[in-house]
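Structure, as structure tokens:
Throughout, numbering of the chain's residues begins at 1 and tracks the sequence.
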Amino acid sequence: MESDQVTYEMLRSIVEEEDSVQAANLPSSISEEKLSNLKNATDLRSITNLSEEMSIRVWNKLNERLDKTFRSNHRGLGSTEPSLALGKINITYVSGHSARTFTIHSTETEMIGRKSNRFGIPLDKTVSSKHITICWYSKERSFVIKDEGSLNGTYLKSSKTELTPGKLIELGNVIYQVEIDSASKTLTLKAKNKKVIDSAQDLPIMFDSSRSSVTIGGIDGNCIYKINDPGLDSEHVRIDWIEKNSPIMTSLSDKQFWIRLQPGVEIPISVVPTSCLLYTSDAADDLLCVDLGGRRIIKKK
């Protein structure tokens, strides 16, 4: 067996080390041609039916076992194009109707801001001079994003989160701060940016033994709590009160919601090479998104 070649035996042994159940479900054989054409964990998953997480772990193990010849002969594994074990992420910055895409490799630590902008992306005044840092965190095998104490904040799109006191959540066009009174089982979403929607009001939500879950949405829906905000769907989020734990907010809409990152805290934004949108406008998106500056531009028809 050549040290620069993936073999079925090598693949199976790694899978068995990681998870004997998934190893039992591997195909009885995989052709040398398919193995030699592997370029990333997605390719590996397509020929093995491994779970996404397992495909990543096995792919990284293969990288560790194989020598530099293999790394240089396979796309995505050379020094100029880091592998999944190392990682890269494509960032698309959207501002208004323009967009620009750039790539960050795992060997790089990228600071993005108005005074730290080597890619020449068009940043507006809501973005601080040193706004965020994006880098590869090898222990978690993920890119992480960290807000550098920016004035207007950094918001990460999410579909589910714990609601803790002080947390800032953006629903539709309004940013709310979470306040919790455990004794009275009251959670209040305190409207922070009323300049965006003048009518924005604080939203106190009470829970009791007969109601441990509530829904929030726009005025045209059947939710328990309705908000006059064109940025909300009829059923936008659900909040579940969890005894002795933090309440949980879950998205019921494709628009999801946004969470302001705490300055200095590293948050994973990918576990595989992927794409990410950075923007300060209301550009349409369906990928992982990070909003720099926390400003929403409401389009008026």
Side-chain angles (χ1 to χ4, degrees), residues 38-45 50-64 71 74-95 99-114 116-121 123 127-128 130-150 152-162 170 256-280 283 285-294:
L38 290 175
K39 297 181 178 65
N40 50 46
T42 302
D43 288 350
L44 180 62
R45 186 181 185 190
L50 296 172
S51 68
E52 181 178 3
E53 180 183 359
M54 179 59 66
S55 297
I56 295 171
R57 285 158 55 187
V58 172
W59 180 250
N60 290 332
K61 289 285 186 179
L62 286 171
N63 274 272
E64 292 172 2
R71 294 176 187 274
H74 287 70
R75 180 195 285 183
L77 300 182
S79 59
T80 59
E81 202 170 352
S83 71
L84 181 68
L86 298 177
K88 66 178 182 180
I89 188 169
N90 295 320
I91 305 291
T92 299
Y93 179 82
V94 182
S95 179
R100 184 173 299 178
T101 299
F102 53 93
T103 300
I104 297 175
H105 291 147
S106 62
T107 54
E108 302 168 327
T109 296
E110 193 63 41
M111 172 80 75
I112 298 175
R114 287 186 290 107
S116 181
N117 185 6
R118 73 183 178 98
F119 295 104
I121 55 181
L123 299 173
V127 180
S128 296
K130 295 182 178 180
H131 202 105
I132 60 169
T133 297
I134 297 176
C135 63
W136 177 258
Y137 184 34
S138 58
K139 184 177 180 180
E140 297 295 332
R141 297 193 179 279
S142 171
F143 280 92
V144 295
I145 185 170
K146 179 176 67 173
D147 183 277
E148 296 292 347
S150 63
N152 294 307
T154 301
Y155 289 77
L156 182 66
K157 196 172 188 182
S158 179
S159 60
K160 190 172 185 178
T161 189
E162 289 186 1
E170 184 175 345
Q256 300 183 314
F257 52 85
W258 299 76
I259 304 169
R260 181 165 177 167
L261 305 186
Q262 293 182 3
V265 177
E266 295 180 338
I267 302 296
I269 57 174
S270 72
V271 292
V272 292
T274 184
S275 295
C276 175
L277 287 176
L278 301 178
Y279 68 91
T280 54
D285 64 271
D286 56 3
L287 298 174
L288 176 67
C289 302
V290 177
D291 178 13
L292 305 184

For [X] against [Y], the heavy-atom pair lying closest together:
X: Y155; Y: E170; answer: CD2-OE1, 4.0 Å
X: H131; Y: G153; answer: NE2-O, 2.9 Å
X: F143; Y: I104; answer: CZ-O, 3.6 Å
X: V127; Y: G113; answer: CG1-CA, 4.1 Å

When rounded to the nearest 0.5 angstrom, what distance separates [atom1] in [X] from [atom2] in [Y]?
X: I145; Y: I132; atom1: CD1; atom2: CD1; answer: 3.5 Å
X: D147; Y: S128; atom1: CG; atom2: OG; answer: 7.5 Å
X: I134; Y: I112; atom1: CD1; atom2: CD1; answer: 4.0 Å

By side chain to side chain donor-acceptor pair (under 3.5 Å) - contacts of [X] (at least two apart):
X: S51; answer: Q22
X: T109; answer: none
X: E110; answer: R118

Report task. Only counting residues at least two apart or in another chain, list the ones meeting salt bridge (charged side-chain N to carboxylate O under 4.0 Å, His left out) with E148. Result ->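 Result, salt bridge (charged side-chain N to carboxylate O under 4.0 Å, His left out) vs E148: K146.
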Query - Those residues that, when tested against K130, pass side chain to side chain contact (heavy atoms under 4.5 Å, CB included) (two or more places apart) - result: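 M111.
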Requested in this report: Not counting sequence neighbours, which residues clear side chain to side chain contact (heavy atoms under 4.5 Å, CB included) with S158? List them please.
Outcome: T161, F257, I259
